[in-house]
Amino acid sequence: MAEARLKVYRGDSGGGQYVEYKVPVEAGMVILDAIHYIQGAYAPDLAVRWNCKAAKCGSCSGEVNGKPSLMCKTRLDDFDLSEPIEVRPIKTFPVVKDLVTDVSWNYEINKRIVPFTPTNTNTDEWKIYQDDVDRVQEFRKCIECFLCQNVCHVLRNHDKKDLDDPKHLFAGPRFMVRIASLEMHPMDGANRVPFTKNEAGIGYCNITKCCTEVCPEDIHITDNAIIPMKERVVDEFYDPVLMIWRKMTGKK
Amino acid sequence: MANSRSMAINDKLGQTERRDSWWIEPLLSGLGLGLFGIYATWAAFQGTNFEWGPYLSPFYSPHINAPWFPLSPAFLILPFPLLFRATCYYYRKAYYRAYFMSPPGCAVGPAQKGGTYTGETKFPFILQNLHRYFFYFAAIFILILTYDALLAFNFDGRFGIGVGTLIMVANVIFLGLYTFSCHSWRHIVGGKEDCFSCDKMSKLKHGAWSRVSIINENHMRWAWISLFTVGFTDLYIRLVASGVINDLRIL
Ligand code: SF4
Ligand code: SF4
Ligand code: FES
Ligand code: FES
């Protein structure tokens, strides 16, 4: 039987190191299976967060050979088994233990976004056509795996996560997706565009598209959420003609 | 909430645990943009051999007669397409990765250190927000180049088709696809609406927006193809005009 060698990060907030384990390979095996095998055979104390093993709960985010990925969606047969496969926790958020990270920063950001604010609270009168929700439905596929947050260099390398200082805060691609899904909703009446610019820090995104590359739900984060939001920010804050037009007509 | 400092904050330029060839993409796009830049600058300095028969190089269109201007007229034209492409959402990605290494690849250490990064919040990059204005100019250029392509069928008053005609037509088609798949245009024609079924106008906007969205998905492809065709069109006309090759008449 083929054998894989996995180098798994073991440690906590104080630091850690890679430990190598041998795992017998079975057909169709994914990294998460291999991690479970390691737990069963060698290291019952190996910490990993998972739930569905079907790429739907967004719990098992990690980095496999340096690539941000869902461990349950990454197959062993995609790797050259003559070399060890490196599995580590996502880098952008602090390690709790082994492969588990503390992603609570994301929930703090989420709380700051004005929730859905219907223009008409009598839902019986709502009539929404498919054309109106196509865009929003793509965004609803998000499983909050935070792989996009992890890979985004603004958070990963520049650490723009200061919750007390909007000058050093970027909400990150996942929350640009959420903002876009609310802003483009036909029944929503709130305006989150100033928030997007001033508090969510959309100007920090330089549209280098790494978030789109890693999203397991294939959400076109950059093209369909961030760029349209950047254009809406331009409408309100940077377009000189529109600004003069608003001054003259007094319209919003 | 616990401290949420990233573990990658001190990663050095190019530092990564990735083992695939992530550097090929920025290398190729950096080379492609660089080669085009060198060719376009050289061609702009020439000031000659930009027209032959009914053909006119896109670098020198529209015809400008400016004796007061010390350089070749191409320098009055090229800033417009240059600014359009420099502020394009796709090219921004390409050159931020290839030249600024911000970041050079995904999950790869960037050139700037932690606190110094300002993204598109400060001068000069904050000016990227004016992209839509360069789009307007680019759209005018499509009109001009369409006119040039039509003129390329007119050989001394007689209808004709040469290889140059085909090249000029293909060029304006690809430039058109690039220009009208622009993200700003996608916003302007309808993307800015929240409701597509609320009135007649918004239905029209939805139609326009969904058509632009179709070509917008391949914006990167149009960006590269049109960059190639526009350079190649100039090169072809230049070679014909300087007598290096002969234009083949098809009709
Ligand atoms: S496109 Fe923007 S949000 Fe997405 S990874 Fe790049 S910088 Fe971050
Ligand atoms: S947008 Fe994609 S990558 Fe980001 S959290 Fe949602 S599913 Fe994960
Ligand atoms: S375990 Fe649910 S996404 Fe991997
Ligand atoms: S986004 Fe590329 S041309 Fe506008």
Side-chain angles (χ1 to χ4, degrees), chain A residues 13 63 65-68 83 86 88-89 91-95 102 104-105 108 127-129 131-132 150-151 153-161 163 168 170 183-188 201 203-210 213-214 220 222-223 227-228 230-235 237-240, chain B residues 1-9 11 16-20 22 89-90 92-93 96-97 100 102-103 105-110 112-122 125-126 128-133 183-184 186-188 191-198 203 206 210 213 216-217 219:
Chain A
S13 53
E63 295 184 9
N65 279 358
K67 274 201 181 168
E83 287 171 28
E86 225 169 70
R88 58 156 303 132
K91 264 192 171 183
T92 301
F93 300 101
V95 176
D102 175 5
S104 55
W105 178 86
E108 296 303 316
K127 203 168 165 188
I128 306 180
Y129 292 92
D131 282 351
D132 287 327
N150 171 50
V151 81
H153 68 126
V154 182
L155 302 174
R156 185 183 179 92
N157 305 107
H158 307 300
D159 212 35
K160 298 288 182 202
K161 294 206 224 77
L163 290 167
H168 297 284
F170 176 50
E183 282 298 299
M184 294 176 190
H185 197 291
M187 293 292 172
D188 178 81
Y204 274 127
C205 165
N206 66 354
I207 50 173
T208 34
K209 282 200 169 177
C210 290
E213 276 182 31
V214 301
H220 292 23
T222 323
D223 285 359
I227 293 174
K230 279 199 177 234
E231 287 292 322
R232 286 172 188 229
V233 167
V234 175
D235 281 350
F237 293 97
Y238 297 110
D239 188 323
Chain B
M1 197 200 57
N3 149 46
S4 88
R5 236 172 104 86
S6 164
M7 288 202 281
I9 194 166
D11 281 5
T16 184
E17 275 113 51
R18 280 177 69 171
R19 302 191 194 155
D20 55 337
W22 58 266
Y89 285 99
Y90 166 67
R92 272 143 82 180
K93 169 197 167 188
Y96 285 143
R97 282 200 191 189
F100 291 88
S102 176
C106 302
V108 177
Q112 295 94 328
K113 274 284 132 272
T116 61
Y117 175 82
T118 50
E120 297 189 334
T121 63
K122 294 254 151 65
F125 297 113
I126 198 165
Q128 308 279 28
N129 286 304
L130 297 177
H131 178 58
R132 56 182 64 173
Y133 286 93
H183 286 278
S184 291
R186 186 182 182 220
H187 171 77
I188 295 162
K192 61 163 168 254
E193 299 302 317
D194 293 340
C195 180
F196 284 139
S197 58
C198 292
K203 273 191 194 126
H206 180 253
S210 25
S213 296
N216 173 267
E217 266 196 53
H219 190 57

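Note on naming: letters A, B, ... go to the chains in the order of the sequence lines (proteins, then strands), and numbering restarts at 1 for each one.
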Partners of A/Phe237 by ring-ring contact (aromatic ring centres under 6.0 Å, His included), sequence neighbours excluded?
->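 Partners of A/Phe237 under the ring-ring contact (aromatic ring centres under 6.0 Å, His included) test: none.
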Applying ring-ring contact (aromatic ring centres under 6.0 Å, His included), name anything that partners B/His219, two or more places apart in sequence or on another chain.
->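 B/His219: ring-ring contact (aromatic ring centres under 6.0 Å, His included) contacts with B/Tyr178, B/His183.
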Top contributor to chain B interface from A/Phe93, A/Tyr204, A/Phe170 [non-hydrogen pairs under 4.5 Å] =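 Among the listed options, the one with the most contacts to chain B is A/Tyr204.
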Does a side-chain N-to-carboxylate-O contact under 4.0 Å join [X] and [Y]?
X        : Y        : value
B/Arg18  : A/Glu63  : no
B/Arg19  : A/Glu86  : yes
B/Arg186 : A/Asp223 : no

With chain A, which of [options] has the greatest number of heavy-atom pairs at distances under 4.5 Å?
options                               : answer
B/Glu217, B/His206, B/His131, B/Arg92 : B/His206
B/Asn129, B/Asp20, B/Thr121, B/Val108 : B/Asn129
B/Gly119, B/Gly191, B/Cys106          : B/Cys106
B/Thr16, B/Ile126, B/Asn216           : B/Ile126

Counting only heavy atoms closer than 4.5 Å, note whether [X] contacts chain B via side chain, backbone, both or neither.
X        : value
A/His185 : backbone
A/Asp235 : both
A/Leu155 : backbone
A/Glu231 : both

Between B/Phe100 and B/Tyr117, is the gap from one ring center to the other below 6.0 Å?
->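 No, too far apart.
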Between B/Tyr96 and B/Phe125, does the ring centroid distance fall short of 6.0 Å?
->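 Yes; B/Phe125 has its ring centre under 6.0 Å from that of B/Tyr96.
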With only heavy atoms counted, which part of [X] is less than 4.5 Å from chain A, the side chain, the backbone, both or neither?
X        : result
B/Ile188 : neither
B/Ser210 : neither
B/Glu193 : backbone
B/Asp11  : side chain

Which atoms form the tightest heavy-atom contact between B/Ser102 and B/Pro110, and what is the distance?
->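 That closest heavy-atom pairing would be CA-CB, 4.4 Å.
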Decide yes or no on side chain to side chain contact (heavy atoms under 4.5 Å, CB included) for A/Lys230 and A/Ile207, but give the supporting numbers first.
-> CA-CA 10 Å; A/Lys230 279 199 177 234; A/Ile207 50 173; 4.2 Å; yes
